Amino acid sequence: GFLVNVLLDPQFIAGNCSTKFIDENPHLFDIRESKDRGTKLLKFIGNVVVNENKMAERKCFDALYEPRIREIKKVEGSREKLLRLGKEEYLKEIKNEKRLLFTDTTMRDAHQSLIATRLRTFDLLNIAEATEYYQKDMFSLEMWGGATFDVAYRFLKESPWTRLHKLREAIPSINFQMLLRASNAVGYKNYPDNVIEEFVKQSANSGIDVFRIFDSLNWVENMKQSISIAQKTGKIVEAAMCYTGDVLDPSKDKYTIDYYVNMARELEEAGTDIIGIKDMAGLLKPYAAFELIKALKENVKVPIHLHTHDTSGNGVSTLLMASQAGVDIVDAALESMAGITSQPSLNAVIEGLKFTERDPEIDVFGYNELGKYYRDLRKIYYKFESDLINSNAEIYDFEIPGGQYTNLKPQADSLGLVNRFEEVKENYKVANRVVGDIIKVTPSSKVVGDLAIFMTKNNLTEDNIIEEGKNLSFPDSLVDYCKGMIGQPMGGVPKDLQEVVLKGEEAITVRPGSLLPDEDFDAIKKHLIEDLGIEKPTDRQLVSYALYPKVFDDYIKHVNDFNDVSELESDVFFYGLNIGQECEVEIEEGKNLTIKLVDIGEPKDDGMRTLTFELNGMLRDVDIKDVN
Ligand code: 3PY
Ligand code: ZN
């Protein structure tokens, strides 16, 4: 290997070899380097085989469907148009557009809601070329932000920034949209202003065209800050109002049409380019959508963009009624990634509007082709599917957001509440009343979810929680909420609850970001260089660390221990290899490794097993600790 390469190098043979020789000839290290990388990948796969898949025979999957490429009518891509016209003119065109416009959420909310946000960049890049070809007529692809950011580092062991860059490269002509949780960025707590500023700037520079911004309590004060930060990038800003309750129910007087119209006016005043309605739990019923959109169209000038979930099964109807009332843009997902807790089916809505006034004039052929790719792909992710297989109209009663609905049961199970999910859901409703009937979406939904589980575990009720609570310490999320650390809910936090939760601690009523000290990016840089061994940290790495210090540290350690695992195919990444099975990995352009699992040894006294692989035809043993 390495030594032979050095010995055969003509310069080395000629004898004019200074001590700098190896420094100046790094290619000679390539072989050792790739062996080293190969060994790390073997360790990763070995660990998946032994500890994740517990040596069970893994499923094998059919080859993924490859979309057929057929000639279609040429259309200008939304981003091409945006760049050609400039933002102001582009927005005017949207306002004047008769056809219904779409955002495809397949690459973000759809998999966040259906398969725990697990879609890997590898699989998205695989379909990127066909996406670019067939989806030019989308207003945008929602493909970043929300939970995708930390899940990429935390569970997929890949960089969310790389995802953004690579998709941007492969899909230059369609607008990219991200979900920004206002001062919570893509996290679960308020961050200092300079972190939000840096994060938004880096996102814009990396390829985001549309920022959808929401606050988990609909607190406009918090949103104003993010709106003005995002406006500075010159990108499209969509401030979104979170929808809850039922505007048609005369017995509900908190979240009414007037409430939303007033909020929309405030957001318009704050400088948003588009108003979003973010119906994260799928509570906006078809006829309510009609009334709400009509009122908004009458009262604000900017385009209206509707996001909903299909949890109840009414999703398509809601989009069609919204379309009837004049909504400008709606969110939907490719059909194999749509429905239930995800968005309504894009394919169905396109077909449903054919030959009507708002016919989107989209050739559905390509959308059906893309859908088939995700249909096959989704099978590989089966272990992340929830056990919800039908729509649930009871969501109207519980008001639980899509992503949380699929997550709450496993969360309750893991906390010892197996078989008590019905009670947890009932308590979700009660907990919502206890905290003051609030908007429930990340992170305020966590406040309600954590409290529901806490109430179930401790047998608390609406009537006894204040009394019993005196001797209990409440979940951190509820403490933060009561302190004002995620912002102010309409009507304030109920005083008796605040008192029993805070136990004498002070609450704030101003924007948390205005109190939090600026993040010290120089100190982060020092840590990345000195402790993590990153030679030249990028600004994106610095802001990632600022958002998620521990998650980022762990990710870097993972890369050091196991190499970059993002090029592994997903079946191997999630399930490893069976004995006798092999896979190919491209570790860099043109450099492939073939990995075959040959044997799994019995565990020794110290719990170590020796796994034998073939790496490019050479036998290689790796020792893996069996932690089962
Ligand atoms: C997120 O914040 O990630 C959401 O999708 C909320 O609905
Ligand atoms: Zn959503």
Side-chain angles (χ1 to χ4, degrees), residues 102-119 140-155 160 177-191 196 199 203 208 210-219 222-223 226 238-244 276-284 289 305-312 314-315 318-319 329-333 337-346 395 398-408 438-449 477 486-487 547-548:
F102 291 93
T103 291
D104 178 358
T105 63
T106 306
M107 292 184 175
R108 205 285 299 179
D109 205 5
H111 73 100
Q112 182 171 326
S113 299
L114 294 174
I115 45 172
T117 329
R118 291 309 205 280
L119 279 190
S140 67
L141 304 174
E142 192 200 43
M143 43 65 71
W144 214 65
T148 62
F149 189 87
D150 73 291
V151 168
Y153 282 132
R154 200 191 294 268
F155 299 119
Q177 181 171 324
M178 76 162 288
L179 182 67
L180 181 73
R181 301 166 178 159
S183 318
N184 305 304
V186 284
Y188 299 85
K189 58 168 197 190
N190 273 221
Y191 292 98
I196 304 297
F199 177 71
S203 307
I208 294 297
V210 183
F211 287 91
R212 174 177 287 161
I213 302 172
F214 76 94
D215 176 76
S216 81
L217 296 169
N218 272 353
W219 194 36
N222 233 356
M223 298 177 73
S226 306
E238 175 181 317
M241 315 187 282
C242 298
Y243 180 85
T244 194
I277 302 167
K278 181 172 166 56
D279 177 22
M280 57 283 167
L283 303 180
L284 183 60
H305 188 167
L306 174 62
H307 171 85
T308 188
H309 288 250
D310 199 23
T311 318
S312 72
N314 267 333
T318 293
L319 295 189
I329 316 165
V330 299
D331 283 14
M337 293 294 288
I340 321 240
T341 52
S342 174
Q343 275 63 61
S345 157
L346 178 55
I395 200 66
F398 296 122
E399 303 184 342
I400 308 172
Q404 189 176 33
Y405 197 48
T406 43
N407 233 328
L408 199 60
I438 60 172
I439 300 288
K440 291 163 290 296
V441 61
T442 321
S444 60
S445 50
K446 183 165 163 51
V447 173
V448 178
S477 58
I486 64 169
L547 292 167
Y548 284 105

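Every value quoted in this text rests on a predicted model; they were computed, and no experiment measured them. First listed ligand is number 1; within each ligand, the first listed atom is number 1.
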Ala147 heavy atoms within 4.0 Å reach ligand 1 at atoms 3 (O)

Exercise. Between Arg212 and Asp331, is there a side-chain N and carboxylate O pair less than 4.0 Å apart?
Worked result: yes

If we number the atoms of ligand 1 from 1 as shown, the ones under 4.0 Å from a heavy atom of Met280 are 7 (O)

Side chain to side chain donor-acceptor pair (under 3.5 Å) filter on Ser312, not counting sequence neighbours, yields Tyr396

In this structure, atom 7 (O) of ligand 1 is nearest to the protein heavy atom Lys278 NZ, 2.8 Å

### Ser113 and Ser342 side chains, donor-acceptor separation under 3.5 Å
no

Ring pair (Phe, Tyr, Trp, His ring centres under 6.0 Å) filter on Phe149, not counting sequence neighbours, yields Trp144, Tyr153, Trp161, Phe199

protein heavy-atom neighbour closest to atom 5 (O) of ligand 1 works out as Arg108 NH1, 2.9 Å

Residues passing the ring pair (Phe, Tyr, Trp, His ring centres under 6.0 Å) test with His111, sequence neighbours excluded, are none

Only residue of Ile439, Asp109, Thr308 satisfying side-chain contact (heavy atoms from CB on, under 4.5 Å) with Met280 is Ile439

Thr148 (side chain) donor-acceptor with Gly145 (main chain) under 3.5 angstrom: yes

Contact region, His309 to ligand 1, non-hydrogen atoms below 4.0 Å, reads neither

What one should report as the nearest heavy-atom pair of Ile486 and Asn190 is CA-ND2, 3.8 Å

heavy-atom search around atom 2 (O) of ligand 1 in the protein gives Arg181 NE, 2.7 Å

Near Gly146 (heavy-atom distance under 4.0 Å), the atoms of ligand 1 are 3 (O)

Any luck finding a side-chain donor-acceptor pair between Thr318 and Asn314 under 3.5 Å? no

Within 4.0 Å of some non-hydrogen atom of Phe214, the atoms of ligand 1 are 2 (O)

So the protein N/O/S atoms within less than 2.8 Å of the Zn ion (ligand 2) come down to Asp109 OD2, His307 NE2, His309 NE2

- request: Could you tell me whether Lys446 atom NZ has more than 12 heavy atoms of other residues or ligands within 6.0 Å of it?
  value: no

So CD of Gln112 and CG of Asn407: to nearest 0.5 Å the spacing works out to 9.5 Å

Under 4.0 Å from one or more heavy atoms of Thr442, ligand 1 contributes atoms 1 (C), 2 (O), 6 (C)

Using a 6.0 Å distance limit plus a 45 degree cone around the ring axis, check whether Arg181 lies over the aromatic ring of Tyr191.
no

Numbered in order shown, the ligand 1 atoms found under 4.0 Å of a heavy atom of Val441 are 6 (C), 7 (O)

shortest atom 4 (C) of ligand 1-to-protein heavy-atom contact is with Leu179 CD2, 3.5 Å

- Query: Are any of the heavy atoms in Pro401 under 4.0 Å away from ligand 1?
  - Reply: no

